[in-house]
Amino acid sequence: MSAVIYVPADSAALALGSDEVASAIAEEAQKRGIAVEIVRNGSRGMFWLEPLVEVQSGKGRIAYGPVEAKDVQGLFDVGFESGGKHALWLGLTEEIPYLRKQQRLTFSRVGITDPLSLEDYLEHEGYQGLRRAISMIPERIVHEVTESGLRGRGGAAFPTGIKWNTVLNAKADQKYVVCNADEGDSGTFADRMLMEGDPYCLIEGMTIAAFAVGATRGYIYVRSEYPHAITVMDKAISIARSAGYLGVDILGSGKSFELEVRKAAGAYVCGEETAMLESLEGKRGIVRSKPPLPAISGLFGKPTVINNVISLATVPVILARGADFYKAYGMGRSRGTLPFQLAGNIRHGGLVELAFGVTLREMLYDFGGGSASGRTIRAVQVGGPLGSYLPESQWDVAMDYEQYTAIRAVLGHGGIVVHDETADLARLARHAMDFCAIESCGKCTPCRIGSVRGVEVMDNIIAGKDTEKQIALLRDLCDTMLNGSMCAMGGMTPYPVLSALEHFPDDFGVAGVRHA
Ligand SMILES: Cc1cc2nc3c(=O)[nH]c(=O)nc-3n(C[C@H](O)[C@H](O)[C@H](O)COP(=O)(O)O)c2cc1C
Ligand code: SF4
């Protein structure tokens, strides 16, 4: 019998040499006459251990990592193909504390299955959600998603079921489901890992959405910097179609759904849902004014469900196990789990899926193991480039949408970017304004002009020119952007700027400045 060896083909593992490791294992096994089956799985999301090689044993999978091609001979010398001990031996994968302490619902298969094997997907609860959805009327599917408490994981946290209900009730000859896979937030990679590691899960979630609202076409708008995710999604769509899970009369339901991948335009603002629709229609990514909502008049003017990858990929488990199962996780109005992404200056970067309610301190130390530099952590930006900087005094706040709103912070897409004590928050605030100036779509004045003026004001503050007056100007400018911008690009750029000013006033050359 062949030894089954897992070598991830996720982009993070590939960047660290997993292709070379897989080739070295195949060559060495052949030389030694050992029969091996190499499965290219997704990543387990423990990036400091990548490439993480696993071997199947009677007790479960045994992990080795980080493995380089030059380690492969030594691994065979100790009989790693049957779990032999080695300096890189990590024991049972599932027992590694970083993984053991997680609650993986959306990511339950990622790193475990062969991403493109439909058989593997079916063996791991795949398509059970869709099978149940087929037996339900559309209103009942929407009700189940509403009851689960699922809220959009793309950033705005809008209740998914309510959005679907609007599309369901809209009368039209054509409706669409669009998956937002632009994943522009700094330090985030959950969408990419999901698409590369469990593509059928997203396809199943989109198909359930389509059946729920009466849509027959769907698009996945994937960040152009994700070539591997695009390839995996394209292949999975084609396999699913051949097997009757996409196309006409899916699984004999009488319902049809066609799905295509579209490569995104490469601008942060194209992740904003209406700019994304413009881009999908072949135009420049400029934000549309609302109303009308995309749920009423979206892609090509038709009712459109727009959801993030993680929102859609969470739908199969909700349908398969029921709303009550899902909503038993979490706290308050934040139900279920969020795949948090630890990045920046952190020792153990990676993906941590947990129920809402965990604290940032637990993330940083119990999972992250402190800073990568070994210095004290000073500021943490949560929720992408438009998220606030959190000082240590806020690290014990439960990570829940409402509790974060109460401290003028956001969870967004779950990105956590860590900075140590060498960080200069005034320069990071300048960067926020600069980022907005570069990425602004230009449609409204507070964002287009405000961000450029914001960079100038920050330059004056950093140079120590007339500091008090410039800070008053900065606050005024942020007030205009917060209240006058058409979308969250200009509307949220003040979050990193004002939080930096409030919590790290020394970096701005003043003490104890508070914003209103
Ligand atoms: C500037 C900007 C960029 C955004 N980028 C993304 C993105 O990359 N991915 C995403 O899912 N949502 C992004 N959003 C949020 C979307 O507009 C929208 O709320 C989301 O796709 C809806 O899906 P959800 O309800 O499942 O979260 C962005 C919003 C703004 C204002
Ligand atoms: S806030 Fe910025 S990105 Fe949004 S519409 Fe206005 S100019 Fe465009």
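Numbering of residues begins at 1 and proceeds along the displayed sequence. Just so you know, ligand 1 is whichever comes first in the structure, and atom 1 is the first atom listed for that ligand.
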Considering only the protein, which heavy-atom contact is closest to [atom], and what is its distance?
{"atom": "atom 11 (O) of ligand 1", "answer": "Asn308 ND2, 2.8 Å"}
{"atom": "atom 28 (C) of ligand 1", "answer": "Gly271 O, 3.4 Å"}
{"atom": "atom 10 (C) of ligand 1", "answer": "Asn180 ND2, 3.1 Å"}
{"atom": "atom 29 (C) of ligand 1", "answer": "Glu272 CA, 3.7 Å"}
{"atom": "atom 27 (O) of ligand 1", "answer": "Gly154 N, 2.7 Å"}
{"atom": "atom 1 (C) of ligand 1", "answer": "Tyr268 CE2, 3.5 Å"}

cation_pi([X], [Y]) dist<6.0 Å, angle<=45:
{"X": "Lys163", "Y": "Phe158", "answer": "no"}
{"X": "Arg223", "Y": "Tyr226", "answer": "yes"}
{"X": "Lys255", "Y": "Phe211", "answer": "yes"}

Residue [X] vicinity, atoms of ligand 1 by number, heavy atom under 4.0 Å:
{"X": "Asp182", "value": "8 (O)"}
{"X": "Ala488", "value": "31 (C)"}
{"X": "Ser311", "value": "24 (P), 26 (O)"}
{"X": "Ile306", "value": "22 (C), 23 (O)"}
{"X": "Arg153", "value": "26 (O), 27 (O)"}
{"X": "Gly184", "value": "8 (O)"}

So is Lys163 touching ligand 1 or not, going by heavy atoms under 4.0 Å?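 Yes.
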
Please assess Glu147 against Lys327 for the test salt bridge (Lys or Arg N to Asp or Glu O under 4.0 Å), listing each intermediate value before the final yes or no. CA-CA 8 Å; Glu147 274 297 293; Lys327 75 173 176 211; 3.2 Å; yes

Tell me the side-chain hydrogen bond (donor to acceptor under 3.5 Å, both in side chains) pairs involving residues 429-447, sequence neighbours left out?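 Passing the test, one end in residues 429-447: Arg430-Asp459.
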
Please identify each residue that fulfils ring-ring contact (aromatic ring centres under 6.0 Å, His included) with Tyr389, with sequence neighbours left out.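 Listed in chain order: His419.
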
According to ring-ring contact (aromatic ring centres under 6.0 Å, His included), who are the partners of Phe356, at least two apart in sequence or on a separate chain?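 Checked Phe356 against ring-ring contact (aromatic ring centres under 6.0 Å, His included); matches are Tyr401.
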
Can any side-chain N or O of Asn180 pair as donor or acceptor with the backbone N or O of Asn307 at less than 3.5 Å?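 Pair absent, no side-chain N/O of Asn180 close to backbone of Asn307.
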
Under 3.5 Å donor-acceptor, Asp198 side chain and Leu194 backbone: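 The answer is no, because no donor-acceptor pair under 3.5 Å joins these two groups.
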
Would you please indicate if the ring centroids of Phe340 and Phe367 are separated by under 6.0 Å?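 No, too far apart.
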
How does Met276 reach ligand 1, if at all, at less than 4.0 Å between non-hydrogen atoms: by side chain, backbone, both, or neither?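 Near ligand 1, Met276 shows nothing, with every heavy atom at 4.0 Å or more.
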
Side chain or backbone of Glu273 under 4.0 Å from ligand 1, or both, or neither, by non-hydrogen atoms?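 Contact part for Glu273 vs ligand 1: both backbone and side chain.
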
Using the ring of each side chain (for Trp, its six-membered ring), is Tyr121 parallel, tilted or perpendicular to Tyr200, with breaks at 30° and 60°?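 Because their plane-to-plane angle lies in the 30° to 60° range, the rings of Tyr121 and Tyr200 count as tilted.
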
Compute whether any side-chain donor of one residue and acceptor of the other, for Thr106 and Thr314, lie under 3.5 angstrom apart.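 On atom types as modelled, these side chains qualify, holding a pair under 3.5 Å.
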
With atom 2 (Fe) of ligand 2 as the centre, enumerate protein N/O/S atoms below 2.8 Å in chain and residue order.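 You should have found Cys447 SG.
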
Considering all heavy atoms, the nearest Met276-Cys270 contact: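 Heavy-atom minimum between the residues: CB-O, 3.1 Å.
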
